[in-house]
Amino acid sequence: MLDPGSIPPDVAKARALSAAWTFPGVLLASFVIGWGAEAAQFLVSQGLALAMLAWLQTLPEFAVEAVIAWHRDVPLMTANFTGSLRLLTGVAWPMIFFVSFVSLRGDERVPVTQHRVVLEAEHAVSVVALLPPLAYFTFIWAKGSLTLVDSGFLLVLYVLYLVALRKIPPEEAESMDELPRIPRAILALPGAGKALGVLGLFALGGIMLYFITPTFLDSMLGLSVMLGVTPFVFVQWVSPFLSEFPEKVTAFAWARTPNKAAMALINMVSSNINQWTVLAAMIPMVYCASLGHVAGIPFDAHQRSEILLTLAQGYLGFLLLVNMEFDWIEAIGLFLLWFIQFAIPDSRHVVTGVYFAWCAWELFKRVTGKRAWTAFTLFPDLWKHGRSGQPG
């Protein structure tokens with residue numbers, strides 16, 4: 001188990017030293033997978049390429065959650081699942097905004113109050129796809145259990161998301177000049193070489209993560225022991241941060257690149273959808289396999305409050321992106337609310353209330369016409385024809 005308290009200090013120190021090679025290894029694997037995704041968007045839709053990327057990038061998180069589910073530790077299972085989702089929305093989304101802002105150069109420089117991460121039209125599919133799993137998980141929270149039947153429904157929602165992404169055409173070839181050297185070289189290959197090159201990048205990065213991640217997590221676990229981190233804090237915050245590290249590296253690299261901040265943000269949104277659906281669906285499967293028979297996973301009052309807090313943040317994130325823009329107030333607000341719950345764990349009920357109050361304010365602005373439901377306006381054409389009738 002991922003329990004820092006079970007590791008002797010001398011073993012912890014030895015594991016911590018391995019970070020000297022595992023950290024650069026994870027960085028390199030992240031860049032290789034990112035190059036694959038950048039090239040893949042010219043063979044399939046950008047959204048589908050990012051969904052594939054999210055799968056590879058979140059494999060460490062799946063592995064960690066599977067270990068906890070196999071041990072049937074419901075408190076830590078819930079802590080890890082909710083912590084990983086709240087880190088994505090509360091830390092990764094805001095960091096993408098601010099990385100993109102500080103990376104502006106020359107004539108692009110504007111005051112932070114005027115900076116926006118503006119999503120492309122095709123990104124409406126991912127924004128809209130956030131809502132169904134949130135709605136279904138609200139039902140799971142209400143009944144207080146997670147079952148194999150829920151797994152089936154969540155997987156169907158993810159498949160529908162992939163179907164919608166598959167309808168969108170690849171990027172135009174004219175924008176290939178903006179790619180880094182390696183993806184550009186892959187796309188210059190003749191015939192089937194392009195697809196094989198992209199698959200090769202995904203495979204190479206995935207294999208690197210497969211072999212490096214266990215040692216990487218061990219090295220970070222060793223560091224946690226040396227720093228005196230408790231098991232619950234490690235499982236809820238440290239472990240998800242580390243297991244999501246590959247996707248954050250890729251997203252932040254894109255956020256520093258002109259015109260790719262939106263791609264970075266949608267990469268994180270795709271990971272949110274992946275975790276609300278496929279990761280959550282995996283938990284009862286592993287739990288029941290370990291138990292030896294079919295059973296639901298019950299949630300007590302504390303676990304339900306953690307899920308409700310995560311749902312509240314998720315609904316707010318959806319409402320903030322539904323107008324296809326992300327601004328500085330939204331980025332700061334999401335980060336501050338995450339930081340408060342991180343620094344003061346007993347504040348979760350208050351923070352949940354603030355999230356829902358902010359949701360109500362966003363709904364009011366949209367109902368009164370002060371802000372648009374742009375993603376829903378774009379989605380029907382994307383679902384039917386793969387292209388929007390409006391400019392991105």
Side-chain angles (χ1 to χ4, degrees), residues 58 61 65 74-94 126-147 149-151 153-158 161 235-237 240 244 268-284 296-322 326 330 333-342 344-364 366 375:
T58 54
E61 174 62 21
E65 189 67 41
V74 179
L76 292 186
M77 190 189 312
T78 309
N80 186 258
F81 170 66
T82 57
S84 64
L85 280 163
R86 297 200 315 252
L87 277 168
L88 281 174
T89 306
V91 178
W93 291 19
S126 295
V127 174
V128 172
L130 271 172
L131 185 58
L134 287 170
Y136 190 81
F137 235 91
T138 303
F139 167 69
I140 292 173
W141 166 81
K143 66 188 180 73
S145 65
L146 182 62
T147 67
V149 174
D150 298 321
S151 295
F153 278 105
L154 292 170
L155 290 174
V156 167
L157 292 178
Y158 189 74
Y161 170 53
V235 169
Q236 182 158 50
W237 300 122
E244 291 171 354
M268 294 295 99
V269 171
S270 185
S271 293
N272 279 86
I273 297 168
N274 191 331
Q275 294 192 29
W276 276 118
T277 55
V278 184
L279 178 64
M282 177 201 71
I283 295 172
I297 301 173
F299 298 122
D300 62 22
H302 176 79
Q303 291 146 21
R304 292 181 72 214
S305 70
E306 290 284 331
I307 293 171
L308 185 62
L309 172 58
T310 311
L311 281 168
Q313 185 203 53
Y315 278 120
L316 178 59
F318 162 74
L319 288 168
L320 295 180
L321 293 186
V322 81
F326 190 53
E330 296 163 351
L334 284 176
F335 179 76
L336 284 178
L337 287 173
W338 172 82
F339 184 77
I340 290 169
Q341 61 189 270
F342 168 74
I344 312 172
D346 290 340
S347 68
R348 64 182 177 276
H349 297 297
V350 174
V351 174
T352 301
V354 174
Y355 277 134
F356 279 125
W358 193 351
C359 286
W361 174 242
E362 292 296 326
L363 283 170
F364 173 78
R366 282 157 180 79

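Counting begins at 1 with the first residue of the sequence.
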Visitor: Working to the nearest 0.5 angstrom, can you tell me the gap between Cys359 SG and Leu320 CG?
Guide: 7.5 Å
Visitor: Less than 4.5 Å apart, any side-chain heavy atom of Glu306 and any of Arg86?
Guide: yes
Visitor: Indicate the atoms forming the closest heavy-atom contact of Gln341 with Tyr355, along with that distance.
Guide: NE2-OH, 3.1 Å
Visitor: With a 6.0 Å cut-off (strictly less than), is the heavy-atom count around CZ of Phe356, excluding the residue itself, greater than 12?
Guide: yes
Visitor: Enumerate donor-acceptor pairs with a distance under 3.5 Å from any side-chain N or O in residues 132-139 to protein atoms, sequence neighbours excluded.
Guide:
unit_1	atom_1	unit_2	atom_2	d
Tyr136	OH	Asp150	OD1	2.6
Thr138	OG1	Leu134	O	2.8
Thr138	OG1	Tyr315	OH	2.6

Visitor: Can you find a pair of side-chain heavy atoms, one from Ile307 and one from Thr78, that are under 4.5 Å apart?
Guide: yes
Visitor: Would you give the length of the straight line joining atom CH2 of Trp141 to atom CG of Leu146, rounded to the nearest 0.5 angstrom?
Guide: 15.5 Å
Visitor: Would you check if the side chain of Trp93 reaches a backbone N or O of Leu334 as a donor-acceptor pair within less than 3.5 Å?
Guide: no
Visitor: Which heavy atom in Glu65 sits nearest to a heavy atom in Phe81, and how many Å separate them?
Guide: OE1-N, 3.4 Å
Visitor: Is the shortest heavy-atom distance from the side chain of Leu154 to the side chain of Trp276 under 4.5 Å?
Guide: no
Visitor: Provide the closest heavy-atom pair for Glu362 versus Leu316 in the form atom of the first, atom of the second, distance.
Guide: CG-CD1, 4.3 Å
Visitor: Between the main-chain N or O of Asp300 and the side-chain N or O of Gln303, is there a donor-acceptor pair closer than 3.5 Å?
Guide: yes
Visitor: Closer than 3.5 angstrom, by distance alone: can the side chain of Arg304 be matched with the main-chain N or O of Phe299 as a donor-acceptor pair?
Guide: no
Visitor: Do Ser145 and Thr147 come close enough that some side-chain heavy atom pair is under 4.5 Å?
Guide: yes
Visitor: Over all heavy atoms of both residues, which pair between Ser305 and Arg348 is shortest? Give the atoms and the distance, please.
Guide: OG-NE, 3.0 Å
Visitor: Quick one: does any side-chain atom of Ser151 pair with a main-chain N or O of Ala281 as donor and acceptor, under 3.5 Å?
Guide: yes
Visitor: For the residue pair Gly317 and Thr89, what are the closest heavy atoms and their distance?
Guide: CA-CG2, 4.5 Å
Visitor: Between atom NE2 of His349 and atom CG of Leu308, what is the distance when rounded to the nearest 0.5 Å?
Guide: 9.5 Å
Visitor: Just do the ring pair (Phe, Tyr, Trp, His ring centres under 6.0 Å) check on Trp361 and Phe364 with the steps written out, would you?
Guide: CA-CA 5 Å; Trp361 174 242; Phe364 173 78; 5.6 Å; yes
Visitor: Testing the basics here: between Leu337 and Val351, what is the closest heavy-atom pair and its distance to 0.1 Å?
Guide: O-CG1, 3.9 Å
Visitor: Please report the interatomic distance OG1(Thr352) to CG(Leu309), rounded to the nearest 0.5 Å.
Guide: 4.0 Å
Visitor: About how many Å separate CD1 of Ile273 and OG of Ser126, when rounded to the nearest 0.5 Å?
Guide: 5.0 Å
Visitor: Run the numbers on Thr277 and Tyr161 for side-chain hydrogen bond (donor to acceptor under 3.5 Å, both in side chains), then give the verdict.
Guide: CA-CA 10 Å; Thr277 55; Tyr161 170 53; over 6 Å; no
Visitor: With rounding to the nearest 0.5 angstrom, report the CD1 to CZ distance, Ile140 to Phe153.
Guide: 10.5 Å
Visitor: Over 60° means perpendicular and under 30° means parallel, so classify the ring planes of Phe342 and Trp338, tilted if in between.
Guide: parallel
